[in-house]
Amino acid sequence: MATSDPHSVRRRSAWLEAAHLAVLCSFAVMQPLFDILGRDADFFVARRSQPVDLWFLALGPTLALPLILLGISGLGRLFARALGNSLHLIFVGGLFALMLVPPLRTQVHAPAPLLFGGALLAGAVFATLYARWTPASSLLTVLTPAPLILAGLFLFATPVARMLARESVGTATGVAITDPHPVVLVILDELPVSSLLDPRGDVDATLFPAFAELAASSTWFRNFTANHTSTTDVLPVLLTGRLPADDERLPVVSDHPRNLFTLLGGRYRLNVWETRTSLCPSDLILAGPGAVPALADRLSALGEDLGIVFAHIVLPERWSRDLPSITRTWGDFAGGGVTDGATDGVTGGATGGATNEELDAAPGHGRRNARAHVFRSFIDSLVPQDEPTLSFLHVTLPHVPWAYTRSGLLYDQDNLRGQLTPRDRWRTHEHVTDLALQRHLLQLAFVDELLGEMIERLKRSGAWDRSLVVVLADHGASFRPGQARREPDAGNAREIMHVPLFVKRPGQTTPLRDDRNVESIDLVPTVVDVLGVAPPWSMDGHSAFDGDGPPRPTKVIHRPRLAPLVLDDVRLPERWPAAERRHALFGADATGDDIERWSPRPKHVGRTVAMLSDGATVPAVFELVNRDHYDRVDRTTGLLPLYVRGTVESVDASAPPPLLAIVVDGTVAAVAWTFDRVDARARFAALLPEAALPDGRRRLEVMAVLPNGRLASMDARSFRFAPATSGSPERFVRSDGAIFPVRDAPSPGRVNAAELEDGRLELRGWATDPEGRQPAEQILVTLRDHAAVFTALTGRSTRALRERHGHLHPLATAAFRLSLGLESVGGDVSGRVRVFALSDASVTELDLRPAAAWISPP
C-alpha cells in the first residue's frame, strides 16, 4: 500500500498540512476581507479592476499563503524535524488566534492587551489540541472545501459578481442614426440651479458670463431635476434613461449595459472622461493614458490597499480607529483615500486621459489641482474629427472641497471644519452657511471660466455650430442653517433637486426656455432624439423636446438609506428662496469682486488698524491654523493661504468675542463671526480676497471687533518644544507660560498619510484624548530637530469615523488635516517629523504610518 512508503506518507502529510493551513488562512485572513469587500464593489470600480483581478484576489492568497507557510515549516524540517513541526504548530495557533480577533474586537469590550492576550492563549490551546487530539485536526480536514466555498461566495453571491461580466458588454447593433452630429456632453457636480440665477430668474451674466453665453444659444430646461442625490447613483440614471433600481447596482457597464456609450459606440468615436464611474466598455477606450492599467500595476495597488484594510481589521482599536472606507472611497488608501471629490481618478477617452502620474505632474500644485487639470485636458481633447464623436466629461466641480478662487488659484482644501455636524447638517449659525455659500460661488465662477474656455475652443475649431452641446449637473446642494446639506426633505428639496440643463442643438443660435417637468431620466432620450436615433430598448424617460410625451404628475428624487422623496407640485417654482438669500447677502447686482470681498462688516474691509483702533485690548488669545503659510506667500506655486481659520479663547472664561477682524500687514482684509462655541473657546474662519496677499512675507493678526465697531488687540498663542533634560521630560511650552509634558503612553491616534509636494508636507490622521473619549484638543508637529512647531485642530468628520462610531458620537470628528510649509527647514524632513496630540494639559506622541512616507523627500 502507499502508506508503507514513508516518502508517500510524508507527501500526503504535507498536503494535509497545506489544506489545514488553507482552511485557517481562509477564515483568519480572507473571510474578513471578503466580508468587507463584498458589501460594495465600488471599491473595484474605482480601481478599474478586471475579472482576472477578482479571480486573483479570491484564489491567489487562499493558495499562496498556506504554501508559503508550509514552505517555511518545510525549511525548518531540513534542519530538525522538531523545528519544522514547531513552526507548523505556531502557524496553526497564530492563524486560529487571528481568526478570533475581529469578532472579539466587535463583541468584547476589553483593553487591547487583554483582548489580544486572550486570542493568543486560545490559539495556543487550539495548537496543543491540534497536535495531541485527533478530532481537532480532523475538524480542519472536514473543512478542507471551505476556502473554495468562501471564495465562491465572494465571487458569485455578492455585488462583486457583477464585476465578472464587465467585459462581456458590447455596443448595440443595428442602430440607425439619421443626424450623426458631434456631441459634447458635460456633467458638473453638486450645482443647484439657484446658484446661477439673478433676481429676474435669468442666468447671472455678471457673475457667470459663460453660462449666460450658453443659455443665449441653447434651450434651458429650467424645471430640470435630479433623480438621485448620490453621484454614483445618478450618473447611471443620466446615461441610461432608467430610474434607479432597488438592487444597488454598481456604476459599471455590466450593471448598466444599455447606456449612451453602448448605444452610440458602434457609430461614434468615444472621447470619454469618467471620474466616478465605469460605464463605457473598456474596448471602446483606445490605448493611451486612459487605457486600463497593466495587470501587475492593478494587483500591486490592490494588494497595498488590502494590506491596509486587513491591518485595520485586526490591529487594536487604539491603533486602528480610522479605517478608510471602501464604500464610495475613490483613491489609494495608502495616500489617505480620495473622497468628496478631492482628487479625481480619471478614465480617459480615445483622445485623452490623465493617469495619477500625470495628475501629480499637473501644473498648479499637482494633485490638488487635479479637477481643473481634468477639465482643461478634456478641452484640449476637443479636436475636429472626420467621424462623429461623443465627447463626454463628468468632473467633480463645483463640488466640495471648495479650493479654487474665481481666477483658478488654489487655497487650503481643509473644508467645513466645525461648520457641519457629523450628520452632514449645517450648524445653526448663519455665518457658517454664508461663508460656505461665498466659497461655493467663487469656485462656481472658476467653473464658469473653464466652461468659457470650452466654448471658445469649440468655436475656434468650427465645431460649435454643428455640435449638440449639453451641459448639466448631477445634483444640487442646500445652504440652509441647521438643515442637511445634501439629504433632501420638504424644506430643502428644491435646492438639491433643481439643477441646470442646457441643450444647444446643432445650428441653434437663439435662446429658448422650457419649463416642463424634465428629470435625469430624460437626458439620453433627449440626446438620441436630436441625433435621430431609434434606441433598441425602452427607457423610463422621454425626450425633453417631445411636447407630446406622456404627462409626469410627480417629481421623484431617490435618497440613500431613505424612501424616495416625491413632490406632487411639478411646476417651476415661482420663487427661489436660496437665490433670494444670496442676493440679500451679497447684493442683487453683485460682481465677483463683491463676493470675494464680502464680509459681515464690509465697511471695515480695506481700512487700517490705525483708523479703527484706539489701543484697547481684550483678555483673549487667538491661534491660527497654518500660521507659517504667511511667512512666504508665492503665487507662482498656484496655492495661496486665503482660507484663514483658527480658534479664539477668552482668558477670563467669559464668552469669546463674537466678531473678529483678520488683519494683513495692518489692514483689515476680512471680518469673521465666531462659531461652534464651547465655554470660553470658539472657532473662526474667513476667506481673504486674492489681492490681500501679495507675494512676500505677510504679517497676519486677529483682532476683536467691539460693539462700537472699534478694534481691540488680542494675544497670539504659540508653542515651542523643549527637549528632555536630566530633570524634566520632553515638553511643549505655550506662549503664556503653560507647560505640557510629553507623556510616555500608548498613542491616542495616528497619522494615516503624509505627502510631500511643492515644498509642503500634508499630514492626515486622527487623534483622541488619552482615554479615547473625545477628539484631541490640538495637534502639534515638530520638524527638523524641533526648529519649528506647527499646530492644527481636530474636528474633521470622515466617513470612516462616522461609520465606526456613529454620526453623533464625539469621536466622529476626531480627524485632522495639516499642511506644513517646509521653507524654514530647508525642505528636508528625513527622520525629523514628530506629531503629538494635546489633551488634558499633557501631550502624547502619535504613530506615523506608513513608515515609508517618512524616509526622505521625493
Side-chain angles (χ1 to χ4, degrees), residues 169-187 214 217-219 221 235 238-242 253 256-274 279-286 288 290 347-353 378-394 454-455 457-472 501-510 512 518 521-539 541-546 549:
V169 176
T171 58
T173 58
V175 176
I177 304 177
T178 59
D179 294 309
H181 295 280
V183 179
V184 178
L185 175 54
V186 175
I187 300 178
L214 178 62
S217 56
S218 66
T219 302
F221 294 94
L235 260 295
L238 286 165
L239 292 171
T240 64
R242 301 299 301 271
V253 64
H256 306 278
R258 296 177 173 181
N259 65 53
L260 184 63
F261 303 131
T262 58
L263 180 63
L264 300 183
R267 289 284 307 277
Y268 268 69
R269 181 176 180 272
L270 299 186
N271 175 27
V272 176
W273 296 65
E274 296 187 75
L279 294 165
C280 186
S282 296
D283 57 358
L284 298 182
I285 300 177
L286 304 182
T347 301
T351 60
F378 172 75
I379 294 171
D380 291 340
S381 75
L382 300 177
V383 295
Q385 301 292 332
D386 294 333
E387 55 186 319
T389 301
L390 166 62
S391 295
F392 171 86
L393 168 69
H394 167 240
M454 186 190 81
I455 294 174
R457 173 82 172 199
L458 291 171
K459 288 184 174 181
R460 285 201 317 268
S461 68
W464 174 257
D465 291 335
R466 56 190 178 87
S467 295
L468 169 63
V469 180
V470 184
V471 178
L472 69 154
L501 171 61
F502 302 97
V503 181
K504 190 205 76 67
R505 305 177 76 166
Q508 183 174 355
T509 58
T510 58
L512 295 173
V518 181
I521 53 176
D522 301 321
L523 176 64
V524 171
T526 301
V527 171
V528 299
D529 179 26
V530 174
L531 300 180
V533 179
W537 52 72
S538 62
M539 303 182 195
H542 56 268
S543 173
F545 292 112
D546 184 4

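Inter-residue side-chain proximity for Thr262 and Trp537 is flagged as met; some heavy-atom pair is nearer than 4.5 Å. Here the side chains of Phe261 and Leu390 are in contact, with some heavy-atom distance below 4.5 Å. Residues Val470 and Leu501 are in side-chain contact: their nearest non-hydrogen atoms beyond the backbone lie under 4.5 Å apart. Between Val184 and Met454 the shortest side-chain heavy-atom distance falls below 4.5 Å. At a threshold of 4.5 Å between non-hydrogen side-chain atoms, the residues Leu468 and Asp179 do not count as touching. Put simply, the side chain of Val469 does not reach to within 4.5 Å of the side chain of Phe502, judged on heavy atoms. Contact check for Leu264 versus Val175: no side-chain heavy atoms found under the 4.5 Å cut-off. At least one side-chain heavy atom of Pro536 sits under 4.5 Å from a side-chain heavy atom of Leu263.
Between Cys280 and Leu270, the shortest heavy-atom contact is SG-CD1, 3.8 Å. What you find for Asp522 and Gly541 is that their closest heavy atoms are OD1-CA, 3.2 Å. Residues His394 and Leu235 approach most closely at NE2-CD2, 4.1 Å, considering heavy atoms. Scanning all heavy atoms of the two residues, the minimum distance from Pro525 to Gly241 falls at CD-CA, 4.5 Å.
In this structure, Thr389 contributes its side chain and Glu387 its backbone to a donor-acceptor pair below 3.5 Å. With hydrogens and angles ignored, the 3.5 Å screen pairs no side-chain donor or acceptor of Gln385 with any backbone N or O of Arg269. Here the side chain of Lys504 pairs no donor or acceptor atom with the backbone of Val471 at under 3.5 angstrom. Under the 3.5 Å distance criterion, the side-chain polar atoms of Asp529 are left unmatched by any main-chain donor or acceptor of Phe545. Under a 3.5 Å cut-off, the side chain of Ser461 and the backbone N or O of Leu458 do form a donor-acceptor pair. Side-chain atoms of Arg457 come within 3.5 Å of backbone N or O of Asp380 as a donor-acceptor pair.
Applying side chain to side chain contact (heavy atoms under 4.5 Å, CB included) to Phe392 and the options Leu260, Val186, Val183, Leu239 leaves one that passes, Leu239.
Atom NE2 of residue His542 and atom OG1 of residue Thr526 lie 8.0 Å apart, to the nearest 0.5 angstrom. In this structure, the separation between CG on Leu393 and OG on Ser381 is 8.5 Å, given to the nearest 0.5 Å. With rounding to the nearest 0.5 angstrom, the CE atom of Met539 is 8.0 Å from the OG1 atom of Thr240. Phe378 contributes atom CZ, which lies 6.0 Å from atom CG of Asn271 (distance to the nearest 0.5 angstrom). Note that the NE2 atom of His181 and the CG atom of Leu531 stand 7.5 Å from one another [nearest 0.5 Å]. Once rounded to the nearest 0.5 Å, the distance linking CG of Leu238 with CD1 of Ile187 reads 5.0 Å.
Shown here are the side chain to side chain donor-acceptor pair (under 3.5 Å) partners of Arg242, two or more places apart in sequence or in another chain: Asp540. The side-chain contact (heavy atoms from CB on, under 4.5 Å) search around Asp546 returns Ser543, Asp548, not counting sequence neighbours. For Pro180, the side-chain contact (heavy atoms from CB on, under 4.5 Å) partners two or more places apart in sequence, or in a different chain, are Ile177, Arg267, Tyr268, Pro388.
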